[in-house]
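Residue numbers start from 1 in every chain, and the chains themselves are labelled A, B, ... in the order their sequence lines are given, proteins ahead of strands.
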Amino acid sequence: MRLSRYYLPTLKEAPADAEVISHKLMIRAGLIRRLTSGVYNYLPFGWRAIAKVAQIVREEMDRAGALELTMPMVQPADLWKESGRWEHYGRELLRFKDRHDRDFCLGPTHEEVITDLLRGELRSYRQLPVNLYQIQTKFRDEVRPRFGLMRGREFIMKDAYSFDRDDAGADISYKAMYDAYVRIFERLALKFRAVEADSGSIGGSFSHEFMVLAQTGEDTIAACADCNYAANVERAEVKFAGPKNSTPPPAWAEVHTPGRHTVEEVANFLKIGPEQLVKTILLNVDGKAVAALVRGDRELNEIKVKNYFNASVVELAAPEQVVAWTKAPVGFAGPVGLEVSAVLADQELQAGEGWVCGANKKDFHLVNVSLSRDAKIDAYADLRAITAQDPCPRCGGRLELPKGIEVGHVFKLGLKYSKAMNANFLDENGKDAPMVMGCYGIGVTRIVAACIEQNHDADGIIFPPPIAPYQALILNLDAKSEAVGAKAQELYETLLGEGVEALLDDREERPGVKFKDADLIGIPMQVVLGAKTLARGVAEVKDRRSGEKGELPLDGFMAAFDAWRAKVYAGWGM
RNA sequence: CGGGAUGUGGCUCAGUUUGGCUAGAGCGCUGCGUUCGGGACGCAGAGGCCGGAGGUUCAAAUCCUCUCAUCCCGACCA
């Protein structure tokens, strides 16, 4: 394609409402335009990148034996009521009524539809397993869409669903998808990590997330430097050395701590370390009052609390509730004499005595507290967030905590939907049995954004070749010169003829403008042709990633180009 | 949903505090000329009822009320 006839609106300045780099660059480089909050137009250049990703996903899904289909975006409420999610999915589900006043929603995911589809059609174990997928626009009415394509309300997703006769079969399906995902992200030339994940409200027994590694990621990964353990910190278990027997402290005593309510304030005031304090965090767990205790220097992982109770909602208690439960303002809660429905303590609090904690009384704390002697602890459990100082829960090795962007998630669902929706088949013995399901998602549009988060510099996007909308950009620096124009056109046609996706910048712009735009839009290979180089019988080339420049002879150009391309791709590990 | 902020040509913003002439700048866009290897320069243009509604006033981009939209932080999130 020739740029003089391309709709590629590049911008010198980023719009004020873009915050993260991928969002800014996608707008500046003319990939997307916002229609409304969390909803974007995909412009021709951006759409090509999305299509590239989708095609690789498609090829690997097909290779893994999955079958592509397309299900409706508009879904009847009946199905969601059947699975129970009409009530539980929340307001992320965009609901509306048709002219007959019937309830509908826009599909945020398709477990209900696919289960409904198959339960009517698949009756025999002979027909299983089956794995179906689609690549389609999804809509989730996110409470807070942000960061451009990173968290949109409307986005493109590949979602696959597997149905098996039994657990063992489901494990095989799961593994096949996991392996396909690894191949997909390898082929996309992204730096990624597959991590153990919390399965969240989709349910099911276990799951993995695929994270594109990038500083700006919203998720944190606990990854072992010594073994292959990696988990989302939401899920990562903390290894506990075991309780220690220490002598109980003398009886607890109140100390006056006027106006000190944070751990830091109290620790400074008493001239002790925060690890000698116990934080008492009051939570609402499915409407019940729960206290969670962690050491002063630790952070509570609310998801662990949620999983401990198998609860659907865990939220921090409101200040009024804290006052009602502890008879003191926020900042002075403690386990001694606290009356709530459950008091959970982090396991490591078993290794220590003589804690400092809130007195449940304004401006007072307690010292010399023994949890076993002075408080009623219902259970000790792994409650806190893992830190970089913790050992690897598998091998005891050193942990790193890199940031990642979740671009894929595989779930083993088990019987959750098949039971709720009666998706049964007849097994070998002629008996009804529920199908064992798995579901597998990839955020196609999010991958493009994540790719840019991972690959950019001060000048713009640096597309990995597999995602790049075009492989090579030819810059005609002398658009008015017939000789240069003819040669540029010739190179362009040569590349196209050899199957290289080329873009020709034949606009009547000054060289500086073309160089800037070329770097901004991030096509991996730049071929620069001007009067000077033409006179010398060469074209200048630049590797967008490394910035390395070279010259290729115009005579026998294609052979030289092939060699150079191999070098550029090698830089991407391809 | 709680907290904060912003809405002025396509983009970035000034002007609003303290109401007052035909509402400005840079970038971008159109035309002409000079330029031509890292976002050139000159001249001449086009383009805005200042998010919307109502109100106060002799007079509103500016003050008041309501409303809509967008962004940020938090809660939330296959």
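- Tyr6(A) and Phe45(A) have perpendicular rings, their planes meeting at more than 60° on a 0 to 90° scale where under 30° would count as parallel.
- Not a single salt bridge (Lys or Arg N to Asp or Glu O under 4.0 Å) links Arg95(A) to another residue, sequence neighbours left out.
- Between rG10(B) and rU56(B), the two P atoms lie 32 Å apart (nearest whole Å).
- Nucleotide rG19(B) is matched to nothing when pairs are restricted to Watson-Crick or G-U wobble geometry with both distances under 3.5 angstrom.
- Comparing rU70(B), rC72(B), rC13(B) by their nearest atom to the side chain of Ser37(A) picks out rU70(B).
- Under the 3.5 Å distance criterion, the side-chain polar atoms of Thr115(A) are matched with a main-chain donor or acceptor of Glu111(A).
- Between His23(A) and Leu520(A), it is Leu520(A) whose nearest contact on RNA chain B lies nearer the 5' terminus.
- Remark: Phe557(A) engages Phe561(A) in a ring pair (Phe, Tyr, Trp, His ring centres under 6.0 Å) (not counting sequence neighbours).
- Within the structure, salt bridge (Lys or Arg N to Asp or Glu O under 4.0 Å) pairs that include any residue of residues 520-529 of chain A do not occur (at least two apart or interchain).
- With a 3.5 Å ceiling on both atom-pair distances, the Watson-Crick or G-U wobble partner of rC63(B) is rG55(B).
- Just one of Tyr89(A), Tyr417(A), Phe104(A), Trp86(A) meets the ring-ring contact (aromatic ring centres under 6.0 Å, His included) condition when paired with Trp80(A); it is Tyr89(A).
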Might you work through the side-chain hydrogen bond (donor to acceptor under 3.5 Å, both in side chains) test for Tyr40(A) and His23(A), ending with a clear yes or no? CA-CA 11 Å; Tyr40(A) 289 84; His23(A) 188 193; 3.3 Å; yes
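- Which of rC71(B), rC73(B), rG38(B) sits closest to the side chain of Asp519(A) comes down to rG38(B).
- Between Phe185(A) and Phe210(A), the ring centre distance stays below 6.0 Å.
- In this entry rA40(B) has rU34(B) as its Watson-Crick or G-U wobble partner, both defining distances falling under 3.5 Å.
- Listed by residue number, Gly530(A), Thr533(A) are the residues of residues 523-533 of chain A with a heavy-atom contact under 4.0 Å to RNA chain B.
- Checking Arg28(A) against Leu316(A), the closest nucleotide of RNA chain B that is more toward the 5' end is the one next to Arg28(A).
- Smallest separation of non-hydrogen atoms from Met177(A) and Ala66(A): CE-CB, 4.5 Å.
- Contact detail for Val444(A) and Lys158(A): the closest heavy-atom pair is CG2-N, 4.0 Å.
- Across all strands shown, rC71(B) forms a Watson-Crick or G-U wobble pair with rG4(B), both key distances being under 3.5 Å.
- Nucleotide rG45(B) forms a pair with rC29(B), judged by Watson-Crick or G-U wobble geometry with both contacts under 3.5 Å.
- Between the side chain of Asp478(A) and the base of rG37(B) there is no donor-acceptor pair of N/O atoms closer than 3.5 Å.
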Return the polar atom pairs (N/O with N/O) between nucleotides 40-43 of chain B and the protein under 3.5 Å, or none.
none

Please write out each protein N/O paired with an N/O of nucleotides 27-30 of chain B under 3.5 Å, distance rounded to 0.1 Å.
unit_1: rC27(B); atom_1: O3'; unit_2: Lys12(A); atom_2: NZ; d: 3.3

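- For Lys306(A), counting side-chain heavy atoms from C-beta on, the closest listed nucleotide (rC77(B), rC71(B), rG39(B)) is rC77(B).
- Out of rG37(B), rG38(B), rC72(B), the shortest distance to the side chain of Pro511(A) is found at rG37(B).
- Between His110(A) and Tyr161(A), the ring centre distance reaches or exceeds 6.0 Å.
- Arg151(A) contributes a side-chain N or O that forms a donor-acceptor pair with the base of rC77(B) under 3.5 Å.
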